[in-house]
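Worksheet: the structure to be examined is printed underneath.
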Amino acid sequence: MKPGPTKNAAASALASLAGLFADETRAACLLALLDGRAWTAGELARHAGVAPSTVSEHLGRLVAGGLLTEERQGRHRYVRLADARVAQLVEDLASHVAPGTPVRPRTLREAGAAGAMARGRTCYDHLAGRLGITITGAMTERGLLRQDTGFALTDQGVAWFGELGIELARGGRRPLARSCVDWTERRPHLAGVAGAALCGHALSAGWCERIGSERAVRVTPAGARAFAAHLGIDAL
């Protein structure tokens, strides 16, 4: 009997990875975990609207596939995205989903949450939504960031971070600056080491604060003054 063709290992691995996304419950968990925090299986079950036993099975597959990491504290099991590359993959896939016909919010609370997410949110560890887009545009206009040949901090931009006392971790595999296409605005915002550092500073310095249980953030009065002083942004 003539042997069949040799299986393409790369194609098989890609198909397996794609299969991990090809389920609505797993997709809902991955999108929720873009907030960069660790969630319990129970929290994700409530978020996805499924039974804890169901979500536990899905989380096991995501952990085994390398998309999530897990840790246990007592009787609680916590999961989070494995790393920034996984977050980038999830956000990039979400940005490619055709907008289609907008889903009408069922309640005023849903409408408010959707509006808050569009105005400003975290995308794993950097700022996204209209807030992220506005900051990225202001940095580009002031010569801190270049977008003409891909995303790159200028020397002036690196100095700007230093002047604000924001440390840029160097030497890792993650790029200093990277473009991330915003899935609500369909325009790029700043990600990478610089995006994460700026987001972390904005939250720790009180320029932005989280609202609700989703990834939404809002600019505080102190943040509005800071963004105006450092980036010339009039309104956020």
Checklist entry - Judged by atom type as modelled, is there a donor-acceptor pair below 3.5 Å linking the side chain of Arg215 to the main-chain atoms of Thr122? => result yes

Checklist outcome for this item: Residue pairs passing the ring pair (Phe, Tyr, Trp, His ring centres under 6.0 Å) test with at least one member in residues 216-236, sequence neighbours excluded, are Trp207-Phe227, Trp207-His230

Checklist entry - Judged by atom type as modelled, is there a donor-acceptor pair below 3.5 Å linking the side chain of Thr136 to the main-chain atoms of Gly132? => result yes

Checklist entry - Who passes side-chain contact (heavy atoms from CB on, under 4.5 Å) against Ala87, sequence neighbours left out? => result Leu34, Leu81, Tyr124

Next on the checklist: For Asp148, I'd like to know if atom CG has over 12 heavy atoms of other residues, nucleotides or ligands within 6.0 Å.
Outcome noted: yes

Next on the checklist: Using the rule given for side-chain hydrogen bond (donor to acceptor under 3.5 Å, both in side chains), can you reason through Gln147 versus Thr140, listing the C-alpha separation, both sets of side-chain angles and the distance that settles it, and then say yes or no?
Outcome noted: CA-CA 7 Å; Gln147 296 190 43; Thr140 304; 2.8 Å; yes

Checklist entry - Is there a donor-acceptor contact under 3.5 Å from the side chain of Asp155 to the main chain of Val158? => result no

Checklist outcome for this item: Tightest non-hydrogen contact, residues Leu164 and His201, listed as O-CE1, 3.9 Å

Next on the checklist: Hydrophobic clusters here meaning ILVMFWY residues chained together by side-chain heavy-atom distances under 4.5 Å, can you tell me if Leu14 and Val90 are in one?
Outcome noted: no

Checklist entry - Would you say the side-chain atoms of Gln88 and Arg178 include a donor-acceptor pair closer than 3.5 Å? => result yes

Item to check | SG on Cys208 to CG on Leu203, rounded to 0.5 Å | outcome: 6.0 Å

Item to check | Nearest-0.5 Å distance that lies between atom CG in Leu231 and atom OG1 in Thr134 | outcome: 10.5 Å

Show which side-chain atoms of residues 189-198 pair as donor or acceptor with protein atoms under 3.5 Å away, not counting sequence neighbours.
{"from": "His189", "atom 1": "ND1", "to": "Asp182", "atom 2": "OD2", "distance (Å)": "3.0"}
{"from": "His189", "atom 1": "NE2", "to": "His126", "atom 2": "NE2", "distance (Å)": "3.1"}

Next on the checklist: Using a strict threshold of under 4.0 Å (side-chain N to carboxylate O), is an ion pair present between Asp125 and Arg37?
Outcome noted: no

Checklist entry - Considering residues at least two apart in sequence or located in another chain, which fulfil the salt bridge (charged side-chain N to carboxylate O under 4.0 Å, His left out) criterion with Glu43? => result none

I'd like a table of donor-acceptor pairs (distance under 3.5 Å, sequence neighbours excluded) in which one partner is a side-chain atom from residues 53-70, with atom names and distances.
{"from": "Ser56", "atom 1": "OG", "to": "Arg77", "atom 2": "NH1", "distance (Å)": "3.4"}
{"from": "His58", "atom 1": "ND1", "to": "Arg26", "atom 2": "NH1", "distance (Å)": "3.0"}
{"from": "Glu70", "atom 1": "OE1", "to": "Arg77", "atom 2": "NE", "distance (Å)": "2.6"}
{"from": "Glu70", "atom 1": "OE1", "to": "Arg77", "atom 2": "NH2", "distance (Å)": "3.2"}

Item to check | side chain to side chain donor-acceptor pair (under 3.5 Å) partners of residues 13-22, not counting sequence neighbours, each pair once | outcome: none

